[in-house]
There are 2 protein chains.
Amino acid sequence: MNNLENVSRSVSRPTLMRLPGYLNYLKLRQKDELVNISATKIASDLKLNHVQVRKDLASISSGGRPKTGYDIKELISDISTFLGYDNVNEAILVGAGKLGKTLLSYDGFSDYGLNILAAFDTDKNLIGNTINGKPIFSLEKLKDVCKRLNLRIGIITVPAAKAQKICNLLIDSGILAIWNFAPVHLHIPDNIILQNENMAASLAILANQLSERIQRKI
Amino acid sequence: MNNLENVSRSVSRPTLMRLPGYLNYLKLRQKDELVNISATKIASDLKLNHVQVRKDLASISSGGRPKTGYDIKELISDISTFLGYDNVNEAILVGAGKLGKTLLSYDGFSDYGLNILAAFDTDKNLIGNTINGKPIFSLEKLKDVCKRLNLRIGIITVPAAKAQKICNLLIDSGILAIWNFAPVHLHIPDNIILQNENMAASLAILANQLSERIQRKI
DNA sequence: TAGATTGTTAATCGATTAACAATC
DNA sequence: TAGATTGTTAATCGATTAACAATC
């Protein structure tokens with residue numbers, strides 16, 4: 001469809017999800033003063049197939065050298081760049097309850113290129129406060145702030161029942177990508193990007209595997 | 001391998017991850033005083049393929065009736081039972097920092113059959129305190145408590161650098177399933193169940209899709 | 001009966017893995 | 001040179017989707 005030269009190489013979803021894991025691992029290895037690393041080694045440490053690792057790395061990096069492997073520093077830089085960890089993405093968060101506050105307090109997101117600028121809530125006791133240097137504003141100001149700062153990422157940490165309404169408001173405010181922590185299915189237009197942080201699904205897998213294991217053993 | 005009659009039907013991982021979504025949706029529908037629902041309707045509301053929905057439901061339920069569809073109440077009960085939301089899973093949590101406290105405070109886990117009994121930490125200022133009725137104990141007591149109560153689920157909310165050590169301790173204490181919130185790859189024996197709550201991966205997907213979208217539009 | 005719906009069998013699609021060639 | 005390693009092409013596997021038959 002679109003034949004532009006410098007469109008970012010596109011990568012399968014599973015590959016994309018493994019990339020942060022590689023990055024993490026490589027940073028640890030770098031601390032050990034290692035310079036090169038082989039796909040074989042990465043694969044065995046991360047319990048992955050070595051061809052898969054090679055394909056993943058090939059899709060975002062200029063590649064390694066036979067016998068020596070990959071240059072760790074180069075690989076770290078390639079993955080970081082691909083994931084967009086270099087250029088900061090600015091976001092706002094809606095719902096300054098417990099989870100919202102936790103996310104506001106967490107400084108680790110900057111490693112992933114995410115910077116939460118501010119939070120919004122309807123609770124008068126919260127409005128005007130600051131958490132980890134980030135102000136909490138009235139929800140009424142959301143649209144204005146988003147438009148003025150041309151923000152594109154919104155994080156939803158309100159209760160399930162309110163999530164759809166907030167979602168609509170975010171979209172109306174020009175937000176393009178939504179990171180949803182509320183346990184509901186949100187209805188969105190096709191052009192909006194939605195990522196659900198699905199703890200219920202994780203827990204389902206854990207509990208299911210556990211019960212299978214226990215049944216097997218008895 | 002194992003031909004026991006009443007081994008729980010096993011289900012693909014994608015199906016398993018969709019089940020909590022169906023449950024959620026059905027509970028909402030039930031509030032609308034609806035009695036029956038068709039797979040077609042579920043599929044269109046949840047933006048899934050209708051055959052997929054039918055297969056998913058067939059794998060855990062006795063099924064619906066042509067023309068009428070499925071009985072919502074029955075379906076809710078079937079999914080809940082399959083996911084083990086009926087019988088409570090007891091868990092302990094290690095690391096009563098911000099994220100740990102948030103999880104302790106969150107009462108919604110009981111909907112998923114998870115009950116966090118207590119937390120463990122090394123911080124003297126936290127030990128002895130109670131959060132949402134759940135006590136924080138010294139890490140030294142972990143093994144004893146796990147063994148005595150025969151606990152099987154451990155939640156890791158310590159910083160990345162400490163996670164592997166805690167993981168080892170949990171396994172040594174008889175824990176079989178670990179829900180890991182620390183952003184590291186944990187090394188575990190084959191017989192231990194590990195579920196990573198991978199926020200970095202979610203964020204990677206979000207940021208990647210956003211940058212693709214923005215590139216496309218310019 | 002007609003038609004909406006379930007449920008199954010076959011085709012397609014995409015990701016993983018295996019086999020092999022190329023290179024330093 | 002020999003062997004460790006990269007990278008590619010082909011085979012396999014599993015999940016999704018399409019086509020169709022069965023049922024109320």
Side-chain angles (χ1 to χ4, degrees), chain A residues 1 9-19 21-22 25-26 29 34-76 78-79 82 198 201 204-205 208-209 212, chain B residues 1 9-22 25-26 29 34-75 78-79 82 198 201 204-205 208-209 212:
Chain A
M1 290 247 150
R9 276 176 277 195
S10 90
V11 134
S12 78
R13 197 181 157 95
T15 295
L16 191 52
M17 293 188 73
R18 283 190 293 268
L19 290 176
Y22 296 133
Y25 171 84
L26 292 167
R29 289 281 117 185
L34 232 58
V35 175
N36 290 293
I37 194 152
S38 77
T40 323
K41 173 76 176 145
I42 298 177
S44 87
D45 282 351
L46 258 37
K47 305 251 170 79
L48 296 168
N49 180 289
H50 65 108
V51 182
Q52 188 171 68
V53 173
R54 234 168 255 129
K55 283 200 172 170
D56 286 347
L57 298 184
S59 69
I60 51 96
S61 148
S62 51
R65 284 197 325 218
K67 186 99 173 157
T68 16
Y70 296 81
D71 182 302
I72 293 185
K73 214 173 149 189
E74 206 177 294
L75 219 42
I76 288 177
D78 285 344
I79 299 177
F82 182 84
N198 199 344
I205 291 173
N208 180 269
Q209 290 181 325
E212 274 199 350
Chain B
M1 290 249 151
R9 276 176 278 194
S10 89
V11 133
S12 79
R13 197 183 158 94
T15 296
L16 191 52
M17 293 187 73
R18 281 188 294 267
L19 289 176
Y22 296 134
Y25 171 82
L26 292 168
R29 289 281 118 184
L34 232 59
V35 175
N36 291 294
I37 193 152
S38 76
T40 322
K41 173 77 176 141
I42 299 177
S44 88
D45 282 351
L46 257 38
K47 306 249 170 83
L48 296 168
N49 180 290
H50 65 108
V51 182
Q52 187 171 68
V53 173
R54 236 169 251 129
K55 284 200 171 170
D56 285 347
L57 298 183
S59 68
I60 49 97
S61 150
S62 51
R65 285 194 329 216
K67 186 103 174 151
T68 17
Y70 297 82
D71 181 302
I72 293 186
K73 215 173 151 188
E74 207 177 292
L75 218 41
D78 286 343
I79 299 177
F82 182 85
N198 200 344
I205 291 172
N208 181 268
Q209 290 182 326
E212 273 199 351

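In this text the structure is predicted, and so the values were computed from the model without any measurement. We name chains A, B, ... by the order of the sequence lines, and we start the count at 1 in each one.
- Sorted by first and then second residue, the salt bridge (charged side-chain N to carboxylate O under 4.0 Å, His left out) pairs with a member in residues 38-50 of chain B read B:K41-B:D45; sequence neighbours excluded.
- Summarising the geometry, the separation between NE2 on A:H50 and P on D:dT8 is reported as 15 Å, rounded to the nearest angstrom.
- Atom OH of A:Y70 is separated from atom P of C:dT23 by 16 Å (rounded to the nearest Å).
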Self-check item: Watson-Crick and G-U pairing of DNA chain D written in dot-bracket, each distance under 3.5 angstrom, with | for inter-strand partners
Solution: ..||||||||||||||||||||||
Could you tabulate the donor-acceptor pairs under 3.5 Å formed by side-chain atoms of residues 69-76 of chain A, not counting sequence neighbours?
{"from": "A:D71", "atom 1": "OD1", "to": "A:K73", "atom 2": "N", "distance (Å)": "3.0"}
{"from": "A:D71", "atom 1": "OD1", "to": "A:E74", "atom 2": "N", "distance (Å)": "3.0"}
{"from": "A:E74", "atom 1": "OE2", "to": "A:S62", "atom 2": "OG", "distance (Å)": "3.3"}

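- Note that OH of B:Y25 and CD1 of B:I37 are 3.5 Å apart. Values are rounded to the nearest 0.5 Å.
- Partners of B:K55 according to the salt bridge (charged side-chain N to carboxylate O under 4.0 Å, His left out) rule, which considers only residues two or more places apart in sequence or in another chain, do not exist here.
- Legend: residues meeting salt bridge (charged side-chain N to carboxylate O under 4.0 Å, His left out) with A:R18, ordered by chain and number and at least two apart, are A:D56.
- Taken to the nearest 0.5 Å, the CG atom of B:L16 stands 6.0 Å off from the CG atom of B:L19.
- Within residues 34-46 of chain A, no residue has any heavy atom closer than 4.0 Å to DNA chain C.
- The interatomic distance linking A:R65 (CZ) with C:dC24 (P) rounds to 9 Å, in whole Å.
- A salt bridge (charged side-chain N to carboxylate O under 4.0 Å, His left out) check over residues 60-70 of chain A, counting only residues at least two apart or in different chains, returns nothing.
- Neither OP1 nor OP2 of C:dG7 sits under 4.0 Å from any side-chain N or O of B:R54.
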Please list, for nucleotides 1-4 of chain C, all pairs of protein and nucleotide N/O atoms separated by less than 3.5 Å.
none

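- A search for side chain to side chain contact (heavy atoms under 4.5 Å, CB included) contacts involving A:T40 returns A:S38, A:R54, not counting sequence neighbours.
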Show each protein N/O and nucleotides 9-15 of chain C N/O combination with a separation under 3.5 Å, one pair to a line.
{"from": "C:dT9", "atom 1": "O4", "to": "B:K55", "atom 2": "NZ", "distance (Å)": "3.4"}

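- Taking B:P66 as the reference, nothing meets the side chain to side chain contact (heavy atoms under 4.5 Å, CB included) condition, with sequence neighbours excluded.
- Ranked by how close their nearest DNA chain C nucleotide is to the 5' end, A:T15 and A:T68 are led by A:T15.
- Separating the CG atom of A:L57 from the P atom of D:dT6 is a distance of 9 Å, rounded to the nearest angstrom.
- For the residue pair B:E212 and A:S10, the shortest heavy atom distance occurs at OE2-CB, 3.3 Å.
- Here the closest heavy-atom approach between residue B:P20 and residue A:A201 is recorded as CG-CA, 3.9 Å.
- For B:S12, the side chain to side chain contact (heavy atoms under 4.5 Å, CB included) test picks out B:P14, B:T15, with sequence neighbours left out.
- Note: CG (B:L48) to C1' (D:dT16) measures 11 Å, nearest angstrom.
- Once rounded to the nearest 0.5 Å, the distance linking CG of B:L57 with CG of B:L26 reads 7.5 Å.
- What separates CG of B:D71 from P of C:dT5 is a distance of 16 Å, to the nearest Å.
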